2 protein chains.
Amino acid sequence: MLGRMTTKDARAAGLARLASLAADETRAACLLALLDGRAWTAGELARHCRVAASTLSEHLGKLVAGGLLAEERQGRHRYVRLADARVAQLVEDLAAQVAPGAAERPRTLRQSGAGSAMARGRTCYDHLAGRLGIAVTDALTARGLLRQDTGFALTDAGLRWFGAAGIALDRPGRRPLARACLDWTERRPHLAGVAGAALCRHALDAGWCVRIGSERAVKVTEAGERALSELLGVEAAALR
Amino acid sequence: MLGRMTTKDARAAGLARLASLAADETRAACLLALLDGRAWTAGELARHCRVAASTLSEHLGKLVAGGLLAEERQGRHRYVRLADARVAQLVEDLAAQVAPGAAERPRTLRQSGAGSAMARGRTCYDHLAGRLGIAVTDALTARGLLRQDTGFALTDAGLRWFGAAGIALDRPGRRPLARACLDWTERRPHLAGVAGAALCRHALDAGWCVRIGSERAVKVTEAGERALSELLGVEAAALR
DNA sequence: CGCACGCTTCGGCCCTCACCGAAGCGTCCG
DNA sequence: CGGACGCTTCGGTGAGGGCCGAAGCGTGCG
């Protein structure tokens with residue numbers, strides 16, 4: 001491997017370097033944990049992964065150097081989060097690829113309890129997932145606001161719906177307005193991209209749903225059930 | 001890491017195992033080479049990667065066992081190809097993530113020659129890429145056949161266009177009809193998914209373009225220029 | 001039939017890297 | 001100001017894995 005570098009070699013080396021960041025179980029656990037879109041401290045991640053703080057510190061160094069994580073120092077804390085939506089999508093895609101067959105197996109009661117809260121509704125980086133995310137996506141599709149049969153895009157009626165609901169769709173950079181994200185509990189695509197993020201933010205801001213516990217799970221409020229029913233015709237039963 | 005397995009640990013372990021398949025430079029080079037969508041023999045890949053046949057044999061074993069590659073034995077040859085479109089998309093996504101900034105650098109004349117043929121037109125697994133792929137995608141968009149502003153989906157007019165052109169859009173399984181694939185030379189999305197694959201196959205079958213050399217590059221024929229101009233209004237200048 | 005060829009298996013080498021505990025550094029609080 | 005706390009650096013250890021050449025096995029050609 002000592003020959004002069006060709007373009008092809010450089011691409012392969014870059015790909016290998018990127019993949020190696022996720023090729024360690026502890027770093028993979030960090031990436032999955034950070035998929036909730038929030039910033040974690042190094043200590044929280046160390047406890048979550050059950051490794052020494054020193055070990056995790058080295059992992060964070062690599063993930064930050066590799067561009068997958070962004071860090072923010074506050075006092076004696078080191079907060080890290082996924083660098084951007086691109087990275088989040090990549091981790092999601094990788095996790096979705098591995099999921100087939102691995103996710104469903106008997107769990108203990110306590111875990112299945114937490115699991116079912118996650119399955120009901122959760123955030124996936126910056127948008128809604130779980131049965132909640134699917135229900136919203138399906139409702140948008142059924143009402144002709146989102147088109148899934150020929151790809152994945154909002155319709156003109158969909159654009160108007162977001163406007164009427166008072167949900168602004170700012171477009172920063174080249175991020176797509178609507179994108180499909182494979183839901184790993186439901187095994188079906190839910191709405192991601194700018195529209196998914198705006199909808200999730202609005203749902204949290206307007207009190208349609210609230211975060212429960214310190215994890216990614218969210219719970220739909222009564223006001224949220226009313227709003228989703230009125231605006232999208234979502235059945236309350238689809239959220240349980 | 002000896003505690004009882006939780007669901008979370010299993011997900012992280014699976015993600016790490018998947019990523020580790022691409023975390024080696026030789027295996028990464030194999031995956032990138034196989035992105036042309038064709039089947040390579042083990043020996044071809046070994047020469048391509050400049051490693052001993054025995055080394056490459058072990059790599060292929062891991063990639064096949066990991067589900068990334070499908071193999072087919074014919075006589076004393078072992079042909080391998082990417083397992084399916086999902087895997088191809090994953091490799092593309094990973095490669096696109098690493099590309100920013102790494103792809104453009106001065107090359108030798110010979111390499112830049114090969115590079116410019118690749119940049120003009122090539123296959124990306126099973127669809128068209130390079131300036132050719134972008135030109136087609138842009139033409140579809142300009143004619144209102146493909147919608148990119150609110151996501152990525154064919155329009156009803158687009159569905160009719162495929163029908164009128166005699167290009168069948170069979171939908172095997174859950175693969176999306178239209179999907180955006182980031183072009184690593186043009187840095188913009190081109191058409192992938194069922195429609196992209198059907199269009200590419202039709203272009204090759206109808207002689208709109210032909211493969212040149214033994215690599216991924218393709219060349220638009222005169223008949224292809226006429227057809228693309230008539231059917232989509234693609235300017236010949238956009239293909240050079 | 002026998003040799004050439006493509007691929008695989010095996011043994012051994014060496015490098016990489018995840019892990020830990022101890023020690024050090026900076027921040028925050030009492 | 002001193003101690004608790006969060007994080008980082010460092011040295012050492014051990015496991016894993018990529019690499020090769022040699023040898024083995026099966027296929028296909030002359």
Side-chain angles (χ1 to χ4, degrees), chain A residues 1-3 9 12-34 39-66 68-81 214, chain B residues 1-3 9 12-34 39-66 68-81 214:
Chain A
M1 208 60 72
L2 286 176
D9 290 341
L15 173 51
R17 210 176 320 117
L18 172 61
S20 71
L21 291 175
D24 174 80
E25 184 170 342
T26 300
R27 285 197 296 268
C30 290
L31 293 173
L32 289 176
L34 289 165
W40 291 50
T41 68
E44 285 170 341
L45 284 172
R47 284 185 293 276
H48 175 80
C49 299
R50 300 191 195 86
V51 296
S54 58
T55 299
L56 202 110
S57 178
E58 294 174 2
H59 286 311
L60 291 187
K62 296 184 183 183
L63 289 170
V64 170
L68 295 191
L69 263 47
E71 67 180 345
E72 210 165 324
R73 312 245 177 184
Q74 278 181 21
R76 55 184 169 183
H77 293 280
R78 178 193 202 178
Y79 286 94
V80 292
R81 53 183 164 74
S214 58
Chain B
M1 208 60 72
L2 286 177
D9 289 341
L15 174 52
R17 209 174 324 117
L18 173 61
S20 71
L21 291 175
D24 173 79
E25 183 169 341
T26 300
R27 284 197 296 269
C30 291
L31 293 173
L32 290 176
L34 290 166
W40 292 51
T41 68
E44 285 171 344
L45 284 171
R47 284 186 293 275
H48 174 80
C49 300
R50 300 191 195 88
V51 294
S54 59
T55 300
L56 201 110
S57 177
E58 294 173 1
H59 285 311
L60 290 188
K62 294 185 185 186
L63 290 171
V64 170
L68 295 191
L69 262 46
E71 67 180 344
E72 208 166 326
R73 312 247 176 180
Q74 277 182 22
R76 53 185 171 185
H77 292 281
R78 179 193 203 178
Y79 285 94
V80 292
R81 53 183 165 74
S214 58

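Computed over heavy atoms, backbone and side chain alike; hydrogens, waters and symmetry mates excluded. If you're wondering where the values come from, they're calculated on a predicted model, not measured in any experiment. Protein chains get the first letters and strands the later ones, always in sequence-line order, with residue 1 at the start of each.
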| said: At under 4.0 Å between heavy atoms, how does the protein contact nucleotides 25-30 of chain C? Give one character per nucleotide, 5' to 3', with B, S or -. | reply: --BS--
| C/dA18 phosphate, OP1 or OP2: any side-chain N/O from A/Lys62 under 4.0 angstrom? | yes
| said: Distance check needed: D/dG18 P versus B/Leu63 CG, whole Å only. | reply: 10 Å
| message | Tell me whether B/Ser57 contacts the main-chain N or O of B/Ser54 through its side chain, where contact means a donor paired with an acceptor under 3.5 Å. | response | no
| Non-hydrogen side-chain atoms of A/Leu60 and A/Arg78 separated by less than 4.5 Å | yes
| request: To the nearest Å, give me how far apart CG (B/Asp24) and C1' (D/dG16) are. | output: 13 Å
| request: Would you give the length of the straight line joining atom SG of B/Cys30 to atom CD of B/Glu25, rounded to the nearest 0.5 angstrom? | output: 11.0 Å
| request: Give a yes or no answer on whether the side chain of A/Arg27 reaches the backbone of B/Ala16 with a donor-acceptor pair at less than 3.5 Å. | output: no
| field | Any side-chain heavy-atom pair of B/Arg47 and B/Arg50 under 4.5 Å | value | no
| field | Derivation of the side-chain contact (heavy atoms from CB on, under 4.5 Å) call for A/Val51 and A/Leu45 | value | CA-CA 9 Å; A/Val51 296; A/Leu45 284 172; over 6 Å; no
| query | Picking from A/Asp24, A/Val80, A/Leu34, A/Leu69, what satisfies side chain to side chain contact (heavy atoms under 4.5 Å, CB included) with A/Leu63? | reply | A/Leu69
| request: Tell me which of A/Ala42 and B/His59 sits closer to the 5' end of DNA chain D, going by the nucleotide each one is nearest to. | output: A/Ala42
| Integer-rounded Å distance: D/dG17 P and B/Leu21 CG | 11 Å
| task | Would you indicate which nucleotide in D/dC20, C/dG6, C/dT8 comes nearest to any side-chain atom of B/His77? | result | C/dG6
| query | When you check the phosphate oxygens OP1 and OP2 of D/dG6, does a side-chain N or O of A/Arg78 lie under 4.0 Å from one of them? | reply | no
| query | Is A/Ala52 touching bases, backbone alone, or none of the nucleic acid, heavy atoms closer than 4.0 Å? | reply | sugar-phosphate
| task | Could you check how far CD of B/Glu71 sits from P of C/dG6, rounded to whole Å? | result | 18 Å
| said: Could you tell me how far apart A/Leu56 (CG) and D/dT9 (P) are, to the nearest whole angstrom? | reply: 13 Å
| Separation of C/dC19 P from A/Leu45 CG (nearest whole Å) | 13 Å
| How do B/Thr55 and A/Arg27 order along DNA chain C: which one's closest nucleotide is nearer the 5' end? | B/Thr55
| query | Would one find a side-chain N or O of B/Thr26 under 4.0 angstrom from OP1 or OP2 of D/dC19? | reply | yes
| Base, sugar-phosphate, or nothing: which does B/Arg47 touch, judged by heavy atoms less than 4.0 Å apart? | nothing
| said: Using only modelled atom types and a 3.5 angstrom limit, is any donor from either the side chain of B/Ser54 or the base of D/dG21 paired with an acceptor on the other? | reply: yes
| message | Any heavy-atom pair between the side chains of A/His59 and A/Thr55 that's under 4.5 Å? | response | yes
| query | To the nearest angstrom, how far is A/Glu25 atom CD from D/dG17 atom P? | reply | 13 Å
| query | Atom CD of A/Glu44 and atom C1' of D/dC5: how far apart are they, to the nearest Å? | reply | 14 Å
| field | Contact under 4.0 Å: A/Arg17 side-chain N or O vs C/dT16 OP1/OP2 | value | no
